[in-house]
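Encoded as structure tokens, the structure appears first; notes follow it.
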Amino acid sequence: MSKYDKFRRNTVEVRVGDTAIGGANPVRLQSMTTTPTLDVEASAAQTLSIAAAGAELVRLTAQGVAHAQKLADIHAAVRAAGCNVPLVADIHFNPAAAFEAATHVEKVRINPGNFFDPGRTFRKMEFTDEEYAAELDKIRDKFIPFLELCREHGTAIRIGVNHGSLSDRIMSRYGDGAEGMVQSALEYLRICQATGFGNVVISIKASDVPVMTDTVRLLVERMEAEDMHYPLHLGVTEAGNAREGRIKSAVGIGYLLADGIGDTIRVSLSEDPENEIPVARAIVEHMEIRVGADGSLKWPQQRGRAARRRPSTACESLGIGALQPTGIISRQAALGASDVHVKIASEGDRIGTLREFFSKLTDDRPAIAIAHYPEITSKEDVALAAAIDLGTILLDGYQDAIGISSPALTDEEAAEICRDIIQAAGLRRFKAEIVACPGCGRTLYALPEVLERVKAACSHLSHLKIAVMGCIVNGPGEMAGADYGYVGAGAGTVSLYRGIECVEKNISSDKALDRLIDLIKADGQWHD
């Protein structure tokens, strides 16, 4: 156990096979296979590869009963290879598959947005209070037998809410923002609570970092108000790939871990799933320095964005403050600046150092946060560390200017990482916001390669948000505000979306990018 683990929220311990989540246990790392679940040999091999990379749980999609049945064979093959990593079934739209999977694996993830509610059509539904209560009774009647089956087999569950896959019922009553997401989770958690089923992990994810972090914090507050202490799984869904995907995940996950929220994490990258584990491990290991030598936290706890500073006055020589967007500055320029507050965090608990400094400011002069990493020699490690440290400060509300200093980086490399951190925190767009799911056994086209082509063609369109999704489960709803979507429709085919409207169906994947560009140009949204 690391020093940091004992400062996490007070959550109950949940057993998933031989792995314990929550309580006094370390933050657990997990990933998900991308192989077709019907291919037992390939799925077992990839599960073993992910586990060898350090994953402590491995999830597999089970879109139908036949897929859920194959989990038994995959489970047997993994155990025969001497690997005891718990397997998790991922279920959408198909309760029958969940019932089947619960008898074969250690944990089943359900999405309350599509588990018993019908698929979303984005239509407004009207309910009286009595009618809405009757809908909840229907869910209860269907959900309790599933819980009893899981209780019988010792199977844990994850209630996993994703922004954009909320049901029409929830969106009509609570909206499609934080309140709707939290209520979607609580409806199912209250049934678990009432029936004494405690082997539950909860997650709320979004591709937008501020939406994800704000919603998780709201969920924590609501759970504590109802005396619920279930472990939390964290992740920024559809984070993308490469440096941008890593930084986006580190900003969101690190911000919550910094305040003791989170018991298990996944970094969702549109790459080989084995690549996710070193990033997740680096995030958790970085959090160990949040604790002082005497074992106590070194900074006053702040509940994130509620502690936001008032707008700063202008600093004309640097172009920051007075409602200017968050700026990027070098350490040298910051040291030479006048009429500004400058704090350089250069060792140990950088989040604590910066938070304490900013919390004591008494005037509205612009404030600059510099993260200095003389001890880190890897560019990738500097990027992750800065994403956590500076991303936390930005999400706290200290948003005048940031900078990174490291012997591993040139000034331009440091500035580029700062741009990615600022964009991940939702403060400025420097390039197109391209969200992409990591892919799974439902994905039937070469998603990682397509994502790279979309980024190469469209990254200059900084005014647009474009989604690259593996299947209909992640689109159109989970594109959550994307201007355009590229969504897998079948074997080697793609459908194109404008917002949530499907404008062209079943295009061959080798022609879909050109058609997407044509659509953007036809809408007058393409700028060279």
Side-chain angles (χ1 to χ4, degrees), residues 243-244 246-248 250-251 254-255 258 282-283 285-287 289-290 298-299 309 311-428 430-431:
R243 187 185 65 214
E244 297 96 328
R246 286 160 171 79
I247 285 177
K248 197 171 185 180
V251 170
Y255 180 50
I283 292 172
E285 288 178 350
H286 184 71
M287 305 315 296
I289 63 172
R290 298 285 82 81
K298 293 171 62 179
W299 70 92
R309 284 179 70 229
S312 298
T313 57
C315 180
E316 294 182 5
S317 63
L318 297 175
I320 63 174
L323 301 181
Q324 295 294 317
T326 305
I328 298 164
I329 192 168
S330 69
R331 182 183 179 205
Q332 182 177 2
L335 287 171
S338 60
D339 202 30
V340 295
H341 295 287
V342 178
K343 185 61 180 179
I344 299 174
S346 60
E347 61 182 2
D349 179 18
R350 292 176 178 87
I351 290 177
T353 297
L354 292 169
R355 275 182 159 171
E356 183 177 9
F357 172 77
F358 285 131
S359 69
K360 294 179 178 179
L361 297 182
T362 58
D363 61 56
D364 61 356
R365 286 182 294 157
I368 299 171
I370 303 291
H372 180 44
Y373 301 98
E375 79 283 16
I376 302 180
T377 58
S378 161
K379 294 179 183 180
E380 293 77 13
D381 291 344
V382 172
L384 285 178
I388 296 168
D389 297 333
L390 294 175
T392 294
I393 300 306
L394 293 178
L395 290 175
D396 274 350
Y398 303 106
Q399 298 168 357
D400 289 319
I402 62 170
I404 300 170
S405 172
S406 166
L409 303 175
T410 66
D411 284 349
E412 179 50 38
E413 287 170 336
E416 187 62 29
I417 292 170
C418 285
R419 293 184 192 104
D420 287 341
I421 294 170
I422 291 167
Q423 181 154 331
L427 301 174
R428 291 177 70 180
F430 297 93
K431 51 192 168 186

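Each residue takes its place number in the sequence, starting with 1.
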Between Ile402 and Ile329, is there a side-chain heavy-atom distance shorter than 4.5 Å?
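Side chain of Ile329 against side chain of Ile402, heavy atoms only: no contact under 4.5 Å found.
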If we only count heavy atoms from C-beta on, is the Leu390 to Leu354 side-chain gap below 4.5 Å?
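Yes - at least one pair of side-chain heavy atoms lies under 4.5 Å apart.
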Just how far is it from atom [atom1] of [X] to atom [atom2] of [Y], taken to the nearest 0.5 Å?
{"X": "Leu318", "Y": "Ile368", "atom1": "CG", "atom2": "CD1", "result": "5.5 Å"}
{"X": "Ile351", "Y": "Asp396", "atom1": "CD1", "atom2": "CG", "result": "8.5 Å"}
{"X": "Lys360", "Y": "Lys343", "atom1": "NZ", "atom2": "NZ", "result": "9.5 Å"}
{"X": "Tyr373", "Y": "Ile404", "atom1": "OH", "atom2": "CD1", "result": "6.5 Å"}
{"X": "Ile393", "Y": "Leu395", "atom1": "CD1", "atom2": "CG", "result": "9.5 Å"}

Using the test side-chain hydrogen bond (donor to acceptor under 3.5 Å, both in side chains), find all partners of Thr326 that sit at least two apart in sequence or belong to another chain.
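So Thr326 forms no side-chain hydrogen bond (donor to acceptor under 3.5 Å, both in side chains) with any residue.
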Got a sec, which residues hit side-chain hydrogen bond (donor to acceptor under 3.5 Å, both in side chains) with Thr377, two or more places apart in sequence or on another chain?
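Partners of Thr377 under the side-chain hydrogen bond (donor to acceptor under 3.5 Å, both in side chains) test: none.
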Shortest non-hydrogen separation from [X] to [Y] and the atoms involved:
{"X": "Ser330", "Y": "Ile370", "value": "O-CD1, 4.2 Å"}
{"X": "Ala314", "Y": "Pro366", "value": "C-CG, 4.3 Å"}
{"X": "Ala408", "Y": "Val382", "value": "CB-CG2, 4.4 Å"}
{"X": "Thr392", "Y": "Ala258", "value": "OG1-CB, 4.4 Å"}

According to the salt bridge (Lys or Arg N to Asp or Glu O under 4.0 Å) rule, which pairs have a member within residues 313-339, sequence neighbours left out?
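Non-adjacent pairs meeting salt bridge (Lys or Arg N to Asp or Glu O under 4.0 Å): zero.
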For the pair Glu244 and Lys248, find out whether any cationic side-chain nitrogen is under 4.0 Å from an anionic carboxylate oxygen.
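No, Glu244 and Lys248 are not salt-bridged.
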Is the backbone of [Y] close enough, under 3.5 Å, to the side chain of [X] for a donor and an acceptor to pair up by distance?
{"X": "Thr313", "Y": "Asp364", "result": "yes"}
{"X": "Asp400", "Y": "Ala367", "result": "yes"}
{"X": "Asp363", "Y": "Arg365", "result": "yes"}

Show me, pair by pair, the donor-acceptor contacts under 3.5 angstrom made by side chains of residues 413-426, not counting sequence neighbours?
from   : atom 1 : to     : atom 2 : distance (Å)
Glu413 : OE1    : Thr410 : N      : 2.9
Glu413 : OE1    : Thr410 : OG1    : 3.4
Glu413 : OE2    : Lys379 : NZ     : 2.7
Glu416 : OE1    : Arg419 : NH1    : 2.8
Glu416 : OE2    : Arg243 : NH2    : 3.4
Arg419 : NH1    : Glu412 : OE2    : 3.0
Asp420 : OD1    : Lys431 : NZ     : 3.0
Asp420 : OD2    : Arg243 : NE     : 2.7
Asp420 : OD2    : Arg243 : NH2    : 2.8
Gln423 : OE1    : Phe430 : N      : 2.8
Gln423 : OE1    : Lys431 : N      : 3.3
Gln423 : NE2    : Lys431 : O      : 3.1
Gln423 : NE2    : Glu433 : OE1    : 2.9

Pairing residues for Ala250 by the side-chain contact (heavy atoms from CB on, under 4.5 Å) criterion, not counting sequence neighbours:
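Ala250 satisfies side-chain contact (heavy atoms from CB on, under 4.5 Å) with Ile283, Leu384, Ala387, Ile388 only.
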Pro374: what forms a side-chain contact (heavy atoms from CB on, under 4.5 Å) with it, not counting sequence neighbours?
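Once residues adjacent in sequence are excluded, the partners of Pro374 under the side-chain contact (heavy atoms from CB on, under 4.5 Å) criterion are Arg350, His372.
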For atom CD of Gln332, is the number of surrounding heavy atoms from other residues, nucleotides or ligands below 6.0 Å larger than 12?
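Open.
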Parallel, tilted or perpendicular, as decided by the 30° and 60° cut-offs, for the rings of His341 and Phe357
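Correct class here is perpendicular.
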Would you tell me whether His286 and Asp381 have side-chain atoms, one donor and one acceptor, within less than 3.5 Å of each other?
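On atom types as modelled, these side chains do not qualify, holding no pair under 3.5 Å.
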